[in-house]
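Below, chains carry the letters A, B, ... as their sequence lines are ordered, and counting in each starts from 1. Values below: all heavy atoms of this structure, side chains included; hydrogens, waters and symmetry mates excluded.
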Amino acid sequence: MSLRLYNTLTRTEEDFRPLDPSGKRVTLYCCGPTVYNLAHIGNFRTFVFEDLLRRHMESRGHEVRHVMNITDVEDKIIRSIHESGEDLRSFTGRFEAAFLEDLDALGCLRPTVTPRATEHIAEIIAMIQKLEKNGVAYKAADGSVYFSIEKFPSYGRLSRLDRTQLKPGARVSQDEHSKEAYGDFALWKAWSERDGKVVWDSPWGRGRPGWHIECSCMSTRHLGETIDLHCGGEDLVFPHHEDEIAQSEAATGKPFVRCWLHSAHLLVDGRKMSKSEGNFFTLRDLLAKGFTGRELRYALVSVHYRLPLNFTLENLEAARQTLRRLDAWAERLREKAGGATADASKPGSLAAAFSGALDADLNISDALGNLFEALRESNRRMDGNELGAKDAAELWRDWKAVERVLGLPASDPAGAPPEIAALAEERKAARQAKNWKRSDELRDTIHAKGWSVKDSPEGYKLTKL
RNA sequence: GGCGGGUUAGCCAAGUGGUAAGGCAGGGCUCUGCAAAAGCCCCAUCAUCGGUUCGACUCCGAUACCCGCCUCCA
């Protein structure tokens, strides 16, 4: 069975075949963050989807070269440092570091390369020169260089917008009035006072790169002129990705991307996230509420990427419960398996069913459905003492494979501090002496200190609240 | 106005021309000093109205409502 992915370019699900003749290596470019503030959970919805895609491809034996750009020069960044007077690099460095930390907390694999726009200025200039040479770019009176969409007849193919119908709306940027045509976009922006020290020399004078050119450049530089997959949020289809295609293909004469994947947006309580609505969350906001990155990841990954995800704290709570059940099952399996070893060479039915479901354009719901069916079935067998150690070991091996693709970071098994452990031991003694009153008091004390204690036939178990 | 997506149980969400996966919540039971945890079981006829069909939630048409993009945005 082959992997099928929904290609925005054709608006159909297609068999995925890497450009690499061996079919093994895959080139994946993901539009990364603009580092001017903390990324929010909507941003991470997309990054988690991309991580799932990568992990699934890797589990199928692909070697994925994953590039995610860091946009570290852009209008909002410039505005921020203009106000604070902070140095560009130190400002963006802070948010870049926070972004990578958040990726880790969410269990996302670090991309193979995370190139910065400011470190590719030479390549950007070279690409613009090539576009100029090819007659699709022009320098305007304001000193900026623009791409002429009229010279690129297939402009609008990805977003299915008719380039001749593009009309000025309310959001026309005031500083782009020198363009020849409304749909033209900036490749190089001439320096203006507001840019302050954020400036580079170029054949067209001092200035800075436009928004879209960095991705074209970094994609080409790190992955080649034609790549397999390019991902981003659905709002990037137009204009960002449309413009990337125009630039790249006009520069190289080759197809830029073979398959485009776009994730739908995340809503909070059914509405777009916004700070004024009070429904704006960063990962750190949720951590402060006591949730874990693992719980958020599950909530984000468990909804199909092309469906709007309505995030609520209730969903996050549901994710927590689901994970508890999964963890308890995994622990039960592991104990049941004991020292038995599974045949590592062939996947079991759970691993195959899970992977097969993901092959259908990452049908995560189907995949999770398969997982929970296996869970219930095996629990039933363990209840009836009908599951042998060998079977348990095989299921355990499958679960590990599934867990790896889901990218659920291992839950923190940090032991209880000595004080709590001592109280728990004291309670155990009280219970053995059938001193229930003392036992219950100790449970309350432990609870008040932020831990819960649960009894089972095998003894007690401490968990952090 | 143009283009696109959606409407399945309290919430989230698969799926298919032959009679509805799964998760959370809820209910029942088991276990248990109590509790918690855990386990098992139960819990829908698929927005509305027409049509095609032996048969539609699944195909066609219409209606209603929701959402996204149309140069800030993952």
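Nucleic acid contact class of A:W329 (heavy atoms, under 4.0 Å, all strands): none. Looking at heavy-atom distances under 4.0 Å, A:L267 makes no contact with the nucleic acid at all. Using a 4.0 Å heavy-atom cutoff across all strands shown, A:G232 reaches sugar-phosphate atoms only and no base atom. Residue contacts for A:R157: at a heavy-atom cut-off of 4.0 Å it reaches no nucleic acid atom on any strand shown. Counting any heavy atom pair closer than 4.0 Å across all strands shown, A:H240 reaches no nucleic acid atom.
Side-chain atoms of A:D235 and A:H265 include a donor-acceptor pair closer than 3.5 Å. No hydrogens or angles considered: a donor-acceptor pair under 3.5 Å links the side chains of A:T8 and A:H262. Side chains of A:T34 and A:E74: a donor-acceptor N/O pair is absent below 3.5 angstrom, by distance only.
Between A:K272 and B:rC69, a side-chain N or O to OP1/OP2 separation shorter than 4.0 Å is present.
The gap from the C1' atom of B:rA64 to that of B:rG50 amounts to 15 Å, rounded to the nearest Å. When the C1' atom is used for both B:rA35 and B:rC41, the distance is 23 Å, rounded to whole Å. Comparing the C1' positions of B:rU48 and B:rC12 gives an interatomic distance of 24 Å, to the nearest angstrom. Nucleotides B:rG27 and B:rA62 place their P atoms 46 Å apart, quoted to the nearest Å. Nucleotides B:rG2 and B:rU71 are separated by 15 Å at their C1' atoms, to the nearest Å. Comparing the C1' positions of B:rG33 and B:rG28 gives an interatomic distance of 23 Å, to the nearest angstrom. Going from the P atom of B:rA25 to that of B:rC59 covers 34 Å, rounded to whole Å. Atom name P, nucleotides B:rC60 and B:rG4: the rounded distance is 15 Å, in whole Å.
Of the candidates B:rC70, B:rA38, B:rA36, the closest approach to any side-chain atom of A:A328 belongs to B:rA38. For A:N363, the side-chain atoms get nearest to B:rA14 when compared with the rest of B:rA14, B:rA36, B:rG33. Distances were taken from every side-chain heavy atom of A:N379 (C-beta onward) to each of B:rC69, B:rA36, B:rC40; the shortest belongs to B:rC40. Closest approach to the A:E234 side chain among B:rC40, B:rG68, B:rU71 is made by B:rG68 (side chain taken as heavy atoms from C-beta onward). Taking the side chain of A:K76 as heavy atoms from C-beta on, and the options B:rC72, B:rC40, B:rA74, the nearest nucleotide is B:rC72.
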Let me see the working for A:H120 and A:H222 under ring-ring contact (aromatic ring centres under 6.0 Å, His included), right down to the final yes or no. CA-CA 11 Å; A:H120 293 73; A:H222 296 282; 5.1 Å; yes
Evaluate the side-chain contact (heavy atoms from CB on, under 4.5 Å) criterion for residues A:D359 and A:S2: first the C-alpha distance (whole Å), next the side-chain angles of each, then the deciding distance (0.1 Å), finally the verdict. CA-CA 7 Å; A:D359 274 348; A:S2 62; over 6 Å; no
What do the steps show when you test A:E335 against A:R332 for side-chain contact (heavy atoms from CB on, under 4.5 Å), and what is the final call? CA-CA 5 Å; A:E335 283 170 7; A:R332 194 178 179 195; 5.6 Å; no
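With ring centers used as reference points, A:F281 lies 6.0 Å or more from A:H40. The ring of A:F95 has its center closer than 6.0 angstrom to the ring center of A:F91.
When Watson-Crick and G-U wobble pairs are counted only if both distances are under 3.5 Å, B:rC65 pairs with B:rG6. Base pairing analysis places B:rA21 opposite nothing; no Watson-Crick or G-U wobble pair with both distances below 3.5 Å involves it. Pairing partner, B:rC34: none, since no Watson-Crick or wobble contact has both distances short of 3.5 Å. With a cut-off of 3.5 Å on both Watson-Crick or G-U wobble distances, the partner of B:rC29 is given as B:rG39.
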Could you list the protein-to-nucleotides 19-30 of chain B atom pairs, N/O on both sides, closer than 3.5 Å?
residue: B:rA21; atom: O3'; partner: A:E373; partner atom: OE2; Å: 3.4
residue: B:rA21; atom: O2'; partner: A:E373; partner atom: OE2; Å: 2.2
residue: B:rA21; atom: N1; partner: A:S365; partner atom: O; Å: 3.3
residue: B:rG22; atom: OP1; partner: A:R376; partner atom: NH2; Å: 2.9
residue: B:rG23; atom: OP1; partner: A:R325; partner atom: NH1; Å: 3.1
residue: B:rG23; atom: OP1; partner: A:R325; partner atom: NH2; Å: 3.3
residue: B:rG23; atom: O2'; partner: A:T322; partner atom: OG1; Å: 2.6
residue: B:rC24; atom: OP2; partner: A:R325; partner atom: NH1; Å: 3.3

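With hydrogens and angles ignored, a donor-acceptor pair under 3.5 angstrom links the side chain of A:S439 to the base of B:rG33.
With rounding to whole Å, A:I41 atom CD1 is found 14 Å from B:rA74 atom P. Rounded to a whole Å, the NZ atom of A:K428 is 23 Å from the P atom of B:rA36. Nucleotide B:rC69 holds its C1' atom 12 Å from the CG atom of A:L158, rounded to whole Å. Rounding to whole angstrom units, NE2 of residue A:H262 and P of B:rC70 are separated by 13 Å. Taking atom CZ of A:R443 as the reference point, atom P of B:rG33 lies 12 Å away to the nearest angstrom. When the P atom of B:rG33 is taken as reference, atom OH of A:Y460 falls 18 Å away, rounded to whole Å. In this structure, A:N43 atom CG and B:rA74 atom P are separated by 5 Å, rounded to whole Å. Atom P of nucleotide B:rC72 and atom CH2 of A:W211 are separated by 8 Å, given to the nearest angstrom.
Using a 4.0 Å cut-off between charged side-chain N and carboxylate O, A:K400 and A:E403 make a salt bridge. A salt bridge does not link A:K151 with A:D184: none of the charged nitrogens is closer than 4.0 Å to a carboxylate oxygen.
A:L287 and A:G293 get closest at one heavy-atom pair: CD2-N, 3.7 Å.
Pairs engaging residues 305-317 of chain A under the salt bridge (charged side-chain N to carboxylate O under 4.0 Å, His left out) rule: A:R306-A:D361 [sequence neighbours left out].
Of the residues in residues 430-438 of chain A, those lying under 4.0 Å from RNA chain B by heavy-atom distance are A:R431, A:W436.
Projected onto RNA chain B by closest heavy-atom contact, A:L326 and A:G42 fall at different nucleotides, the more 5' of which corresponds to A:L326. Each of A:R380 and A:P239 was matched to the nucleotide of RNA chain B holding its nearest heavy atom; the match closer to the 5' end belongs to A:R380.
Tested against A:Y460 for a side chain to side chain donor-acceptor pair (under 3.5 Å), the candidates A:K454, A:R443, A:R431, A:E425 yield a single pass: A:E425.
Remark: ring of A:H265 not stacked against base of B:rG68; the cut-offs of centroid gap under 5.5 Å and plane tilt under 30° are not jointly satisfied.
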